[in-house]
Amino acid sequence: EPEVTQTPSHQVTQMGQEVILRCVPISNHLYFYWYRQILGQKVEFLVSFYNNEISEKSEIFDDQFSVERPDGSNFTLKIRSTKLEDSAMYFCASSDALNTGELFFGEGSRLTVL
Amino acid sequence: AQSVTQPDIHITVSEGASLELRCNYSYGATPYLFWYVQSPGQGLQLLLKYFSGDTLVQGIKGFEAEFKRSQSSFNLRKPSVHWSDAAEYFCAVGAPGGSYIPTFGRGTSLIVHP
């Protein structure tokens, strides 16, 4: 069964460092998403991406964040200068349809900022 | 904007007992509604969804959910819980015609006693 894969599964970084989280969405999907979950809190939407551009983003997704689809398979989330409060589980998801809301999620990348 | 409330952070049941996980949503019209499950070390997996029609929805793994417009609820049920059902359960709401991107609740952790 096709699945969304994320790397790394866990990354520890120092405050102020840049981090890139990688995702390989399901191959025939066209819509890509990043969510995050701070420990004990809600799963929060960060950004959606379609046709090589951001289609929607939340207020969390500020100038420190960027997304990219550098080739035909990868979808990355970059945090330019990490802060302590960026520590969270980051989930990548993809979907094949715009208006169903049915997303397929990866296992998540846990980011710990020290 | 839509929102979701899952009032129970933890639910503990005995194996074989029935289960009901609560979900209340806020949205001005009939939303898209979802339940996702996250087993330890895995990504979120869709259990079931409601778009329209029959308000009782059947999902995978023996789960069902009922959409009650009058109560703005979409509670998840299972008649007999198995130890393997221990996981985190997330309710999510999407807005047809608006921001289709699912908004998640904070999740309910299900603990199953033998």
Side-chain angles (χ1 to χ4, degrees), chain A residues 1-10 21 23-26 29-50 54-61 67 75 88-110, chain B residues 1-10 23-27 29-53 57 59-61 65 67 74 87-109:
Chain A
E1 184 176 330
E3 59 181 18
V4 176
T5 57
Q6 290 186 241
T7 54
S9 57
H10 188 192
L21 305 179
C23 170
V24 179
I26 295 173
H29 285 186
L30 300 176
Y31 305 90
F32 314 114
Y33 311 83
W34 283 101
Y35 283 79
R36 79 173 185 190
Q37 185 182 27
I38 296 171
L39 188 63
Q41 300 186 23
K42 292 185 178 186
V43 175
E44 301 172 295
F45 167 72
L46 293 179
V47 65
S48 62
F49 192 86
Y50 169 71
I54 291 173
S55 50
E56 195 165 337
K57 62 182 180 179
S58 71
E59 63 275 8
I60 302 169
F61 194 87
V67 289
F75 178 52
M89 181 72 89
Y90 288 81
F91 293 104
C92 175
S94 68
S95 67
D96 62 355
L98 179 67
N99 60 354
T100 68
E102 183 173 354
L103 274 54
F104 295 80
F105 284 83
E107 295 181 4
S109 293
R110 178 166 296 286
Chain B
Q2 66 269 30
S3 66
V4 171
T5 302
Q6 293 181 250
D8 304 305
I9 298 174
H10 302 283
C23 172
N24 293 97
Y25 68 89
S26 174
Y27 180 63
T30 301
Y32 293 157
L33 293 162
F34 308 86
W35 276 99
Y36 282 82
V37 61
Q38 184 184 25
S39 298
Q42 298 186 22
L44 282 74
Q45 179 188 21
L46 182 69
L47 278 176
L48 47 77
K49 61 187 178 185
Y50 172 81
F51 288 167
S52 64
V57 180
I60 62 172
K61 306 184 181 185
F67 169 56
F74 189 59
E88 192 85 12
Y89 290 81
F90 295 92
C91 183
V93 59
S99 175
Y100 57 89
I101 295 169
T103 298
F104 284 83
R106 66 183 300 168
T108 297
S109 178

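What you are looking at is a predicted structure, and each value in this text was computed from that prediction instead of being measured.
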For the residue pair B/Ile101 and A/Tyr31, establish whether any side-chain heavy-atom pair is separated by less than 4.5 Å. no

Scored by heavy-atom pairs under 4.5 Å with chain B, the best of A/Gln37, A/Glu44, A/Met89 is A/Gln37

Against chain A, label B/Leu44 side chain, backbone, both or neither, depending on which of its atoms sit under 4.5 Å from a heavy atom there. both

Which heavy atom of B/Phe90 sits nearest a heavy atom of A/Val43, and at what distance? CE2-CG2, 3.5 Å

Checking heavy atoms, do the side chain of B/Gln6, its backbone, both or neither come under 4.5 Å from chain A? neither

Counting only heavy atoms not in B/Ile60 (residues, nucleotides, ligands), do more than 12 fall under 6.0 Å from its CD1? yes

Toward chain B, the part of A/Glu3 with a non-hydrogen atom under 4.5 Å: neither

I'd like to know if the side chain of B/Tyr32 reaches the main chain of A/Glu102, judged simply by a donor and an acceptor atom lying under 3.5 Å from each other, with no hydrogens or angles considered. no

Between CD on residue A/Glu107 and CD on residue B/Gln38, distance to nearest 0.5 Å: 9.5 Å

Under 4.5 Å heavy-atom distance to chain B, tell me which part of A/Ser55 shows up: side chain, backbone, both or neither. side chain

Check: A/Phe105 ring centroid to B/Phe104 ring centroid under 6.0 Å: yes

